[in-house]
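Encoded as structure tokens, the structure appears first; notes follow it.
We use all heavy atoms of the structure for the numbers below, so side chains are in, but hydrogens, waters and symmetry mates are not. Below, chain A is the first sequence line, B the second, and so on; all start at residue 1.
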Protein chains: 2
Amino acid sequence: MTRTADSGRAGRRPALTRARIVHAAIGLIEREGADALSMRRVAGELGVAVMSLYNHVPNKDALLQGVAEHIVAGMDLDCGPDEPWTGRARALVRAFRKVAHDHPRCMNVVFTHRIGTSAGLRPAERALALAESAGFDGETSVRIMRALLAYALGAQLREIGAVRKFDRLPGDGAEEFARLDPDEFPHVIALAPQLARHDPETDFEFGLDLLVNALESLPRSR
Amino acid sequence: MTRTADSGRAGRRPALTRARIVHAAIGLIEREGADALSMRRVAGELGVAVMSLYNHVPNKDALLQGVAEHIVAGMDLDCGPDEPWTGRARALVRAFRKVAHDHPRCMNVVFTHRIGTSAGLRPAERALALAESAGFDGETSVRIMRALLAYALGAQLREIGAVRKFDRLPGDGAEEFARLDPDEFPHVIALAPQLARHDPETDFEFGLDLLVNALESLPRSR
DNA sequence: ACCTGAACACCGTTCAAGT
DNA sequence: ACCTGAACACCGTTCAAGT
């Protein structure tokens, strides 16, 4: 648990910094959601006037970009290079999943803001390196990286949506499907228990297995 | 091209409707971006007082939900049932890609808003139906649907991000990589031309092929 | 049932003034 | 170089009043 409410304390405060501002923004988003983030609220948390923020950040969009960058930079890319390349591919996608779980309410910010710093390219570098070590040519390596990235992003996006859909329903969510037209949705109704079951971990690994297995049986140039 | 600027005309106007409000919101987002959407702007476009909107839509979030629902409901799900199931799986994912391309600036709204109407379940119904016809059991069918959805979502999310990263650079974007540390990013730098090349269609089909091929070699119960 | 204007509590950002 | 308060042009939404 981080302590961000210095506002009340009157003693000497640490210097205002872009890093401190980004950190306060992340904390605020995680506590109250991205809608609650405003320059005024962030300034309040830091016990500072709103306009002071603008000495370290050009505008709100740049602050959100800083949030996205900080979170992506927090990815743990240490997958032992001794592992086979498929294991490293899995570790890379799981590393993204990890930061997504550590900062669930910041993910929409990550999804919608460009990463400007070179730290955003570190996961790409790892992905390209492992694809090359597997013997794929450059063009294929880029496509593999993009397919893995698409799945990493989409799996988290879907999971967030699924949580919002089911987790505030009592029980297994069966009543969600009670009103559906049985002629139009026979499969959805028949599979209601499976659809209501909430096991994101298994869902995630299932799709990751599909992708990695497909990569393994892809023709290689080397 | 739709005509939304009735504002100036003084004659009898069509009745204010939830559908007309959603339509105006979609037009505004596509023309000026999601940030430009406000209840006041929408009301202005329809030549109506702000508060009139609230007779048909409880609040702004519900309006955005309506936008997401309308766009998802616009998916073309007519994949000839004579096709093999892999073809229908491809058609389904491509149908999502199609609406994403028809409403590029609305996609972030779609990604971040729950679909409340049953129309949002129609793609799921199709996906479950084709997985079952392929001989998968119910639990596997649900996981297949989720993997396909994750890829469909993520591929579009990635593509939007890639466009924002490269399409405003002159030439092939090589100068984007000029400042990178060669020791930290050898592969990114070596593959700069491939990374700068912008061929989302091929990227998308590459990942889709991976997934569908993996599905085809999955053990089936029937 | 539907529409409306005024009002309230917020926003992001510019500007001029301070140290 | 950094901080600040006042001001401007916006927001979403409540409320009371109209038809």
Side-chain angles (χ1 to χ4, degrees), chain A residues 4 6-29 31-68 105-106 108-109 112-114, chain B residues 4 6-29 31-68 105-106 108-109 112-114:
Chain A
T4 41
D6 301 321
S7 348
R9 301 289 298 104
R12 291 189 54 73
R13 248 190 300 274
L16 194 53
T17 286
R18 194 189 129 101
R20 284 188 69 224
I21 294 171
V22 168
H23 187 259
I26 291 175
L28 184 52
I29 293 173
R31 257 178 291 117
E32 306 192 31
D35 284 346
L37 183 101
S38 74
M39 300 300 275
R40 291 169 137 101
R41 289 291 308 271
V42 172
E45 297 240 331
L46 295 168
V48 109
V50 205
M51 292 314 300
S52 303
L53 302 180
Y54 287 79
N55 290 308
H56 305 89
V57 149
N59 51 44
K60 186 184 182 179
D61 211 62
L63 171 54
L64 290 173
Q65 198 170 308
V67 168
R105 307 184 88 170
C106 284
N108 282 336
V109 175
T112 53
H113 286 79
R114 155 122 154 281
Chain B
T4 40
D6 301 322
S7 348
R9 300 290 298 105
R12 291 189 55 71
R13 250 189 300 273
L16 194 55
T17 286
R18 195 189 128 101
R20 284 188 69 224
I21 294 172
V22 168
H23 186 259
I26 291 176
L28 184 53
I29 293 173
R31 257 178 291 118
E32 306 192 30
D35 285 345
L37 184 100
S38 74
M39 300 300 275
R40 290 169 137 101
R41 290 289 311 269
V42 172
E45 297 238 331
L46 295 169
V48 108
V50 206
M51 291 315 300
S52 303
L53 303 179
Y54 287 79
N55 289 309
H56 303 90
V57 149
N59 52 42
K60 186 184 183 180
D61 211 64
L63 171 54
L64 289 174
Q65 199 169 307
V67 167
R105 308 183 87 172
C106 283
N108 281 337
V109 175
T112 53
H113 286 78
R114 155 123 156 280

Under 3.5 Å donor-acceptor, A/R114 side chain and A/Q65 backbone: no
Out of D/dT13, C/dG12, C/dT4, whichever nucleotide has its closest atom nearest the side chain of A/R40: C/dG12
For C/dA16, the Watson-Crick or wobble counterpart (both distances under 3.5 Å): D/dT4
Residue mapping more 5' on DNA chain C - nearest nucleotide basis, B/A49 or A/S38: B/A49
Matching residue for B/E45 among B/R40, B/H23, B/R31 - test: side chain to side chain donor-acceptor pair (under 3.5 Å): B/R31
A/L46 CG - D/dT4 C1' separation (whole Å): 15 Å
Sugar-phosphate only, base, or nothing, as touched by B/M39 at under 4.0 Å among non-hydrogen atoms: sugar-phosphate
Any B/N59 side-chain nitrogen or oxygen under 4.0 Å from OP1 or OP2 of D/dG12: no
Reported NE2-to-CG distance for the pair A/H113 and A/L64, which is rounded to 0.5 angstrom: 4.0 Å
Rounded interatomic separation in angstrom, taking CG from A/L53 and C1' from C/dC11: 14 Å
For atom CG of A/D35 and atom C1' of D/dG12, their distance in whole Å: 12 Å
Separation of atom CZ in A/R41 from atom C1' in C/dG12, rounded to whole Å: 16 Å
Given D/dG5, C/dC3, D/dA7, the nucleotide with the shortest approach to the side chain of A/M51: D/dG5
B/L16 side, atom CG; B/R18 side, atom CZ - distance, nearest 0.5 Å: 12.5 Å
Phosphate OP1/OP2 of D/dC2: any A/S52 side-chain N/O under 4.0 Å: no
Complement of C/dA9, any strand, by Watson-Crick or G-U distances under 3.5 angstrom: none
Selection from D/dC3, C/dT13, C/dC2 that lies nearest to any side-chain heavy atom of A/L16: D/dC3
Separation of C/dT14 C1' from A/K60 NZ (nearest whole Å): 18 Å
Separation of atom CZ in B/R18 from atom P in C/dC2, rounded to whole Å: 14 Å
Separation of atom CD1 in A/I21 from atom C1' in D/dC3, rounded to whole Å: 12 Å
Protein-nucleotide distance (A/Y54, atom OH; D/dA1, atom C1'), rounded to Å: 19 Å
Residue mapping more 5' on DNA chain C - nearest nucleotide basis, A/A36 or B/H56: B/H56
Pairwise side-chain contact, B/L46 with B/L53, heavy-atom cut-off 4.5 Å (strictly under): yes
